[in-house]
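Naming: A, B, ... by sequence-line order, numbering from 1 per chain.
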Amino acid sequence: MSAATTVPWDRLIEADRVHGSLYTDPAVWEAELERIWYRTWVYVGHESEVPETNDYVLKSIGPQPVIMTRDRQGGIHLLLNRCSHRANLVCDAAKGNSSAFRCPYHGWTFANTGALLGYPFSSGYGGRELKSELGLARVPRMESYHGFVFGSLAEDGPTLAEHLGDAAGEIDRLVRLSPEGKVQLTAGWLQHKVRANWKMLLENETDGYHPQFVHASIFAVADSGIGELYGEKSTAVSRDLGGGHTENDLRPEFRRIGEPLRWFGTSADRLPDYVAAMRAAHGEAAEQILVEGSPHVMIFPNLFIAEIQIFVLQPVAVDETVQHVTAIQFGGAPDLNRRMLQQTLGSVGPAGFLLADDSEMYERNQRGVQVRRPEWLVLKRGLHRERVDERGHLVADATDEVPMRAMWKHYRSLMEDGR
Amino acid sequence: MTTARPLDVDLLREVEQFLFREARLADEGDYDGWEALWTDDGVYWIPANGDDVDPTTQMSILYDNRSRIALRVRQLKHDKRHSQNPKSRLRRILGNVELLDADPSEAGADGDLAVGANFIVYESRERGTTIWGGRTEYRLRRVDGAWRLARKKVMLVDNDRPLSTLAFLV
């Protein structure tokens with residue numbers, strides 16, 4: 001019997017509260033691997049990380065190591081990092097350039113398409129040809145959107161377009177901020193390890209209630225206006241985009257202010273080259289794009305686009321998660337890119353002005369959720385002021401818990417699917 | 001064949017004493033005392049994914065110019081810097097202190113002295129005990145007769161792997 005069928009989901013996940021064991025129970029973790037990480041679409045990497053023929057990077061789907069390669073024809077492949085002979089790891093470098101992977105154990109060699117190219121002393125197999133049957137395992141389904149490569153370890157299921165639904169529009173919004181329409185994730189990744197369940201991180205990403213408290217220190221000493229975007233008077237909204245995808249939509253605040261690049265904490269005169277390139281690329285539409293800025297969207301289960309950063313959640317155990325983070329770089333925007341990198345590396349990662357404190361909260365939460373009473377986590381905030389927007393999405397105020405309720409509703413549907 | 005220049009023991013001891021003091025101020029969370037050790041153009045850098053990536057195009061764990069060092073210290077002094085409130089209990093050992101310039105009496109063309117050292121830091125907090133290790137390269141400068149930090153580059157041995165929160169001054 002699979003773990004997913006033994007957990008009483010309906011008793012642990014209610015409309016306005018969830019049970020603490022969802023963050024600690026090894027059976028829940030096993031069920032999540034089966035029903036989420038090894039089934040649904042999971043973000044793996046970006047095509048710009050393997051720009052040249054034969055480039056590869058080591059990525060992951062949850063705890064599983066995945067090699068993302070670019071073959072001679074330019075095609076992208078997602079391969080599981082396990083030799084088909086004796087299960088050794090065939091790739092141990094974080095990235096590189098090679099047309100083939102040679103297993104160090106017995107010298108079996110695989111093309112970067114996964115095909116078995118050769119194996120030493122082949123007469124030992126009595127003339128039987130192994131090449132057609134013993135390639136590297138592939139992630140069964142792979143699709144990309146604007147260069148964001150997703151994989152699914154299930155043979156069948158919804159398409160990536162169906163999975164992304166209206167979250168795709170947020171990726172469109174991000175890409176428009178490049179004068180060339182290109183996102184480039186080329187600045188390298190920090191890996192930040194926390195002793196917390198992955199859902200603590202996921203829920204925090206679009207929790208508009210915490211910034212003024214968790215980030216009080218940096219907002220105070222840097223004289224930052226970010227906190228006010230998540231204040232009681234903010235006109236920003238929290239939104240359920242469907243499919244477990246959620247966002248904090250800050251556009252109402254930026255439209256109210258009406259100044260280009262305020263979303264990035266700067267003004268048009270500080271980035272003249274970028275603004276000129278945007279006007280050349282987008283014409284009259286440039287002003288609105290520059291005012292509204294970049295999305296703050298959590299694409300279930302692991303891709304968080306945080307205005308100028310990309311975070312990728314990698315659960316490695318029920319109580320351990322690695323958060324990978326990089327600065328977004330836009331094609332055709334060198335002056336903006338430099339500033340995005342410096343701002344990002346100040347904010348995120350193990351020593352970041354923001355993320356060090358978020359991570360402290362994740363770990364305190366993980367310890368707290370093991371305290372026996374009151375057992376539940378409360379998701380009631382903003383229930384009385386939920387409303388449906390013009391596109392049919394549930395929204396509420398900036399600090400409301402619409403995103404958490406949306407995530408858990410989707411999560412429950414995945415866990416109970418096929419029951 | 002060149003003759004080895006005799007080691008300037010007095011200079012080495014002076015430099016060591018400065019580095020030990022910097023380490024103690026960091027361990028004990030004496031943030032103002034620590035910040036006062038920096039020159040006005042100080043750069044504090046902790047690379048990621050190797051020791052020699054370009055910090056202007058690649059992510060680092062930390063890459064602070066002097067104003068960002070000041071911001072970091074102001075944040076550490078704020079009671080809502082949750083990742084250091086309570087402060088980590090810290091003690092570190094510096095070793096293998098080495099004067100890196102060919103002729104330290106010249107102290108480099110820019111007047112800065114290059115020094116290397118290895119370190120081990122024990123960090124204890126509610127999460128548990130974390131051991132951090134690596135090598136630091138310093139550029140030190142005499143300002144009004146006292147040594148100051150012009151640059152500190154901290155090369156963690158595990159900077160290419162997942163790291164726990166590192167909110168103290170390493």
Side-chain angles (χ1 to χ4, degrees), chain A residues 60 93-95 185-196 210 212-224 309 314 316 320-327 329 334 337-338 341-346 348-364 366-367, chain B residues 26 31 35 43-50 52-65 67-88 123 125-130 132 154 156 158-170:
Chain A
S60 58
K95 60 182 177 178
L185 303 188
T186 50
W189 296 84
L190 298 185
Q191 302 177 70
H192 190 173
K193 176 173 67 177
V194 293
R195 289 193 185 161
H210 81 280
Q212 292 216 9
F213 309 99
V214 175
H215 305 304
S217 64
I218 194 63
F219 292 167
V221 301
D223 197 20
S224 164
Q309 295 120 22
Q314 183 195 3
V316 294
E320 186 167 332
T321 307
V322 176
Q323 185 148 241
H324 303 253
V325 58
T326 191
Q329 304 280 275
N337 288 345
R338 277 191 296 276
L341 175 68
Q342 293 309 319
Q343 193 164 316
T344 293
L345 70 83
V348 307
F353 295 133
L354 295 171
L355 268 289
D357 291 331
D358 285 314
S359 302
E360 188 72 16
M361 293 302 122
Y362 305 147
E363 294 184 340
R364 289 172 63 98
Q366 190 69 23
R367 294 195 295 273
Chain B
Y31 301 126
E35 191 190 350
V43 172
Y44 178 26
W45 181 26
I46 310 178
N49 302 310
D52 293 307
V53 297
D54 178 354
T56 66
T57 61
Q58 296 291 302
M59 294 290 288
S60 291
I61 295 162
L62 176 159
Y63 184 59
D64 288 357
N65 60 14
S67 69
R68 200 173 269 186
I69 291 170
L71 182 64
R72 189 172 299 280
V73 165
R74 287 207 302 280
Q75 188 186 26
L76 283 166
K77 288 163 65 176
H78 195 285
D79 66 352
K80 296 297 191 309
R81 178 54 164 171
H82 306 286
S83 48
Q84 279 301 304
N85 187 13
K87 289 177 183 171
S88 298
E123 180 196 19
R125 56 189 295 102
E126 190 64 27
R127 185 178 65 226
T129 300
T130 310
W132 304 85
V154 182
L156 297 166
D158 46 3
N159 70 15
D160 58 344
R161 297 189 189 281
L163 297 176
S164 296
T165 299
L166 198 180
F168 65 90
L169 299 168
V170 69

Taking atom types as modelled and ignoring hydrogens, do the side chains of A:His215 and A:Asp358 form a donor-acceptor contact shorter than 3.5 angstrom? yes
For A:Arg367, which atoms come within 4.5 Å of any heavy atom of chain B: side chain, backbone, both, or neither? side chain
How would you list, by chain and number, every residue that makes a ring pair (Phe, Tyr, Trp, His ring centres under 6.0 Å) with B:Tyr63, sequence neighbours excluded? B:Trp45
Criterion side chain to side chain contact (heavy atoms under 4.5 Å, CB included) on A:Val221 and A:Ile218, from CA distance to verdict: CA-CA 5 Å; A:Val221 301; A:Ile218 194 63; 3.9 Å; yes
Leading residue by heavy atom contact count with chain B [cutoff under 4.5 Å; candidates [options]]:
{"options": "A:Gly188, A:Ala216, A:Ala220, A:Pro350", "value": "A:Pro350"}
{"options": "A:Glu363, A:Arg338, A:Gln342, A:Gln366", "value": "A:Gln342"}
{"options": "A:Ala351, A:Gly349, A:Ser359", "value": "A:Ala351"}
{"options": "A:Val214, A:Val322, A:Val316, A:Thr186", "value": "A:Val214"}

Could you tell me the separation between the OG1 atom of B:Thr165 and the CZ atom of A:Arg195, rounded to the nearest 0.5 Å? 10.5 Å
The reported gap from CG in A:Leu190 to CE in B:Met59 (rounded to nearest 0.5 angstrom) is 4.0 Å
B:Tyr31 versus B:Leu169, closest heavy-atom pair with distance: CD2-CD1, 3.7 Å
When B:Ile61, B:Asp79, B:Leu62 are compared by non-hydrogen pairs under 4.5 Å with chain A, the top option: B:Ile61
What option among B:Leu71, B:Asp54, B:Asp64 has the most heavy-atom pairs under 4.5 Å with chain A? B:Leu71
What part of B:Arg125 gets within 4.5 angstrom of chain A, counting heavy atoms only: side chain, backbone, both, or neither? side chain
